[in-house]
Trainee: 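I'd like to ask some things about the structure below.
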Amino acid sequence: MKPANSILSGYGTTVFEVMSSLANEHGSVNLGQGFPDGNGPDDVRAVAHAALDDSPNQYPPMFGVPELRQAVAQHNKRFHGLDIEWQRETLVTSGATEALAAAHFGLIEPGDEVILIEPLYDCYLPIIRRAGAVPKLVRIEPPDWSLPGAALKTAFSDKTKMILINTPMNPASKVFTRDELQAIADLCLEHDAYCVSDEVYEHLVFDGRKHVSMMNLPGMRERTVRIGSSGKTFSLTGWKVGYITAAPNLLTPIAKTHQYLTFTTPPNLQRATAYGLGKDDRYFRGLADDMQRSRDRMQRGLKEIGFDVIDCHGTYFITVDIRSIGFNGDDVDFCRTLTIDAGVTAVPVSAFYQDNPPRHFVRFSFCKEDATLDEAIRRMKAWVHPS
């Protein structure tokens, strides 16, 4: 038999699927995968339900329904001060992952170099390699997750087509500062490179920090592909409604790629997302405040157990150093042992690096109900400090 595609078939099952399967097998509290408890805002779901009956359920426009594209443009103005032409600069995709694929397949030629910052969300590298690009990896590491300026500068060259950034960052929970983003922008301008900016956690930023969009930095308006997600903004990860904002010279080839990937996205979910993006400021403040409260609850419990907890600036995730409780194995051993013996599941941070990863850090997801977090802490306390 002739072989399948050597790039994608060479990847194993994602760490999230592996750990979730182990969690199911052992009845574990699964804090490995980042999806919220609950069912999303009632009013947003009600609009989606009504749109099933009140609106056509046939193919919507390939670029997305006008209501959502207009809402995306207005959202950019409201939260980022960006003036966006909705008819030329917005595109709806079937989730942020499809947005990432369309962006890279549409803009990359085989042999182009693309810079990525480790630790990496799991889909980034397979997409970029499948597009034919040569990945150039720059790494940040716990506990401070600082961006290494010299290594970043070295990674850029005349072959650099783009850099892919994620802020707020999964899995590091880092919110890039304006100065860090400016350093990236300066290099993009120097080397005539694009930036694909994965900003799906834009409304999940804590402790008074501000999310800065790469698109807002001088010279980057025409060079940035900005990606958002209803899944993270409305805690509706199963809907898979993403959206891209980009200048026409970038959006045109991305849209041509999108038409051959998914072509379109369920129209009722698009209309409900459009409604959601127009919700008042109380909703967006409340989203961050509620998630910060969950972070604080989880953080207190982890510290009481004895973990060294790394600062979490945003997203759904919190990272701990397993050496602080006297565990002598690596992070993979710890996650297996924790699932089987304690009944709580985390994800090893080493899974998000390619080579020589840090081996003593694990990530917990805290986008869960209080009772779920409390039960996880109770089980881990009983395991670490048996009576």
Side-chain angles (χ1 to χ4, degrees), residues 4-40 94-98 100-101 118-127 129-130 166 170-173 200 229 231-232 235-240 294 298 301-302 305 307 315-320 322 325 327-354 357-369 371-384:
N5 176 260
S6 60
I7 295 174
L8 297 182
S9 64
Y11 286 92
T13 305
T14 71
V15 66
F16 309 114
E17 187 66 26
V18 170
M19 295 311 303
S20 291
S21 294
L22 193 66
N24 290 336
E25 181 182 348
H26 294 276
S28 176
V29 177
N30 188 357
L31 303 184
Q33 195 162 5
F35 56 85
D37 286 345
N39 206 24
S94 293
T97 300
E98 194 242 318
L100 287 160
E118 295 182 294
L120 297 170
Y121 181 60
D122 65 342
C123 77
Y124 288 175
L125 206 53
I127 287 173
R129 283 179 169 155
R130 190 66 187 91
N166 179 206
N170 172 16
S173 304
V200 297
S229 166
K232 303 303 187 294
S235 301
L236 292 163
T237 59
W239 279 20
K240 302 299 291 179
S294 295
M298 187 69 181
L302 291 167
I305 292 169
F307 285 107
T315 76
Y316 291 159
F317 311 108
I318 195 163
T319 300
V320 302
I322 60 177
I325 61 164
F327 191 84
N328 294 320
D330 66 18
D331 56 351
V332 176
D333 294 334
F334 179 86
C335 288
R336 287 188 60 83
T337 302
L338 187 71
T339 297
I340 295 168
D341 293 348
V344 178
T345 297
V347 167
V349 169
S350 63
F352 301 100
Y353 291 85
Q354 294 305 296
R359 292 285 188 183
H360 305 291
F361 299 91
V362 303
R363 190 197 79 175
F364 294 95
S365 173
F366 55 80
C367 55
K368 308 295 181 182
E369 299 290 344
T372 302
L373 299 179
D374 292 347
E375 177 62 15
I377 293 297
R378 185 194 68 77
R379 292 185 184 194
M380 285 191 285
K381 279 183 180 178
W383 178 61
V384 176

Trainee: Once you round to the nearest 0.5 Å, how far does NZ of Lys232 lie from CG of Asn170?
Mentor: 7.5 Å

Trainee: Answer yes or no: are there more than 12 heavy-atom neighbours, outside Asn5 itself, under 6.0 Å from its atom CG?
Mentor: yes

Trainee: Is any side-chain heavy atom of Ile305 closer than 4.5 Å to one of Trp383?
Mentor: no

Trainee: Does Ser173 reach the main-chain N or O of Phe317 with its side chain, forming a donor-acceptor pair under 3.5 Å?
Mentor: yes

Trainee: Would the number of heavy atoms belonging to other residues, nucleotides or ligands and lying under 6.0 Å from CZ of Arg130 be above 12?
Mentor: no

Trainee: Quick check: does any side chain N or O of Ser229 sit under 3.5 Å from a backbone N or O of Ala96, one acting as donor and the other as acceptor?
Mentor: no

Trainee: Determine the minimum heavy-atom distance between Met19 and Arg336, stating which atoms define it.
Mentor: CE-N, 4.4 Å

Trainee: Output side-chain donor-acceptor pairs under 3.5 Å for residues 31-39, partner residues at least two apart or in another chain, one line each.
Mentor:
unit_1: Gln33; atom_1: OE1; unit_2: Ser20; atom_2: OG; d: 3.2
unit_1: Asp37; atom_1: OD2; unit_2: Glu369; atom_2: N; d: 2.8
unit_1: Asp37; atom_1: OD2; unit_2: Thr372; atom_2: OG1; d: 3.1

Trainee: Is there a donor-acceptor pair closer than 3.5 Å between any side-chain N or O of Asp331 and the backbone N or O of Ser350?
Mentor: yes

Trainee: Within this structure, what is the CG-NZ distance for the pair Asp374 and Lys368, rounded to the nearest 0.5 Å?
Mentor: 14.5 Å

Trainee: Please report the shortest heavy-atom distance between Ala172 and Pro119, naming the atom on each side.
Mentor: CB-CG, 4.3 Å

Trainee: Please give me the minimum heavy-atom distance between Leu236 and Gly40, naming the atom from each residue.
Mentor: CD2-CA, 3.7 Å

Trainee: Please find the pair of heavy atoms, one from Phe327 and one from Asp333, that lie closest to each other, and give the distance.
Mentor: CZ-C, 3.9 Å

Trainee: Would you call His26 and Thr345 a side-chain contact if the rule is heavy atoms closer than 4.5 Å?
Mentor: no

Trainee: Is there a donor-acceptor pair closer than 3.5 Å between any side-chain N or O of Arg379 and the backbone N or O of Val344?
Mentor: no

Trainee: Over all heavy atoms of both residues, which pair between Ala101 and Ile127 is shortest? Give the atoms and the distance, please.
Mentor: CA-CG2, 3.8 Å

Trainee: Show the nearest heavy-atom pair for residues Ser28 and Thr339, with the distance to one decimal.
Mentor: CB-CG2, 3.9 Å

Trainee: CZ of Phe334 to CG of Asp341: how many Å apart, nearest 0.5 Å?
Mentor: 10.5 Å

Trainee: Say you draw a straight line from CE of Met298 to SG of Cys367; how long is it, rounded to the nearest 0.5 Å?
Mentor: 10.5 Å

Trainee: Applying side chain to side chain donor-acceptor pair (under 3.5 Å), can you list everything that pairs with Arg359, at least two apart in sequence or on another chain?
Mentor: none

Trainee: With rounding to the nearest 0.5 Å, note down the distance linking CG in Leu373 to CZ in Phe364.
Mentor: 11.0 Å

Trainee: Can you tell me how far apart CZ (Phe352) and CG (Asp122) are? Round to the nearest 0.5 Å.
Mentor: 7.0 Å

